[in-house]
Amino acid sequence: MPSPDHIPSPAPPTGTRPRPAVVRDALGVGVAVGLSGFAFGVTASGAGLTVLQACALSLLVFTGASQFALVGALAAGGNPFTAAAGAFFLGTRNAFYGLRLSGLLGYRAAVRPFAAHWVIDETSAVALAQPDRRSARLGFTVTGLSLYALWNLTTLAGAMGAEALGDTAAWGLDAAGPAVFVALLGPMLKTTAERATAGLGAVLLLVTLPLLPAGAPVLVAALAAPAVLWAEGRRARTRTGGEPSTTGTEQSTTETEQRTREAGAR
């Protein structure tokens, strides 16, 4: 018999991932993305927000793409209400994440309001990548905790250190947030419809950017999704209507074979 010091640890149940592997992946995402909070703090300061306002956005909003969209529109001289509308529209995607995660994580009603604050791209990606509820909860919690803490700390550091950097626009830090978002979005574009939606949205954004007030191009780019869905539905109806129906032919063939077998039996 092996000595107690050499008894192997039990293997995880089938269909689960080892806890260290889940924690490692979650921390990797949380730390990598959390560091971009520095760029947000600097950008927010350059847009005219105070340190308190920048930190309040990170603490209470905590969705990077919406935060960058808001301060970017304000920095460009956009109307605050238009900027807020664009940021709000970007944030609505988290509601759809929540619908999927609600059943996967299975938190009690008392915990859900707190967990909802951490429902963002990164936590959703880590949780949905897990094979079971236990791993999904662990990945969601570790990603959310590490990312929330680091994002807010680096926001504070960026907002307080913006003056030392001088002209923040010259550093191009405002591109860090969109770059992270594109890096997360890219691998998720697997179907033709998804790639077409992203491409059309980018075209609409680039075309309307010099023509519309700051914040409005984001709302126009969102029209890419219903446009592609409409085109896909129309193409599917056209394809279905243009192909000859084979139901009658298959039924006639089946009946003929049945009569032939009956005649042979007689």
Side-chain angles (χ1 to χ4, degrees), residues 25-26 28-30 32-36 39-40 43 61-73 76 82-83 85-104 118-131 136 139-140 143 147 172-243:
D25 293 346
V29 173
V33 180
L35 291 174
S36 61
F40 170 73
T43 304
V61 178
F62 188 54
T63 173
S66 295
Q67 292 178 229
F68 273 105
L70 176 63
V71 298
T82 304
F88 175 81
F89 190 86
L90 279 175
T92 57
R93 72 190 186 281
N94 296 333
F96 296 99
Y97 293 154
L99 293 175
R100 178 67 181 89
L101 291 176
S102 178
L104 174 64
W118 285 355
V119 176
I120 54 176
D121 300 304
E122 294 80 9
T123 55
S124 301
V126 173
L128 293 172
Q130 308 308 319
F140 178 86
T143 305
L147 180 51
L173 294 177
D174 56 331
V180 172
F181 186 74
V182 170
L184 291 169
L185 179 65
M188 301 173 65
L189 303 178
K190 298 179 180 179
T191 67
T192 302
E194 292 169 348
R195 290 190 289 268
T197 302
L200 179 58
V203 170
L204 290 174
L205 183 67
L206 292 174
V207 170
T208 57
L209 194 59
L211 305 175
L212 298 178
V218 175
L219 302 177
V220 175
L223 297 175
V228 171
L229 289 176
W230 175 81
E232 285 285 308
R234 182 177 180 182
R235 187 173 65 176
R237 288 192 299 270
T238 302
R239 185 168 58 246
T240 303
E243 293 177 358

Show the nearest heavy-atom pair for residues Ala69 and Leu90, with the distance to one decimal. CB-CD1, 3.6 Å
For Thr63, give me all partners under side chain to side chain contact (heavy atoms under 4.5 Å, CB included), at least two apart in sequence or on another chain. Val61, Ser66, Arg93, Asn94, Ile120
With side-chain hydrogen bond (donor to acceptor under 3.5 Å, both in side chains) as the rule and sequence neighbours excluded, what pairs involving residues 203-212 come up? none
Where is the tightest heavy-atom contact between Ala193 and Val228, given as atom of each residue plus distance? O-CG1, 3.7 Å
Applying side chain to side chain contact (heavy atoms under 4.5 Å, CB included) to Ala224 and not counting sequence neighbours gives Thr197, Leu200, Leu204
Those residues at least two apart in sequence (or on a different chain) that pass salt bridge (charged side-chain N to carboxylate O under 4.0 Å, His left out) with Arg235 are Glu232
Is the backbone N or O of Gly98 less than 3.5 Å from a side-chain atom of Ser102, with the two atoms forming a donor-acceptor pair by type? no
What are the two closest heavy atoms between Lys190 and Arg195, and how far apart are they? O-NH1, 2.9 Å
Can you give me the closest heavy-atom contact between Gly139 and Ala26, atom names plus distance? O-CB, 3.7 Å
Please name all residues satisfying side chain to side chain contact (heavy atoms under 4.5 Å, CB included) with Phe88, sequence neighbours left out, ordered by chain then number. Thr92
Just so I know, are the side chains of Trp118 and Thr143 near enough to count as touching, which here means a heavy-atom distance under 4.5 Å? no
Drop me the distance from Leu128's CG to Thr123's OG1, to the nearest 0.5 angstrom. 9.0 Å
Nearest heavy-atom contact between Ala127 and Leu104 is O-CD2, 3.7 Å
Where does the angle between the aromatic ring planes of Phe40 and Phe68 fall among parallel (under 30°), tilted (30 to 60°) and perpendicular (over 60°)? perpendicular
State, yes or no, whether a side-chain contact exists between Phe62 and Leu147 at a heavy-atom distance under 4.5 Å. yes
Side-chain donor or acceptor of Ser36 paired with backbone N/O of Ala39 under 3.5 Å: no
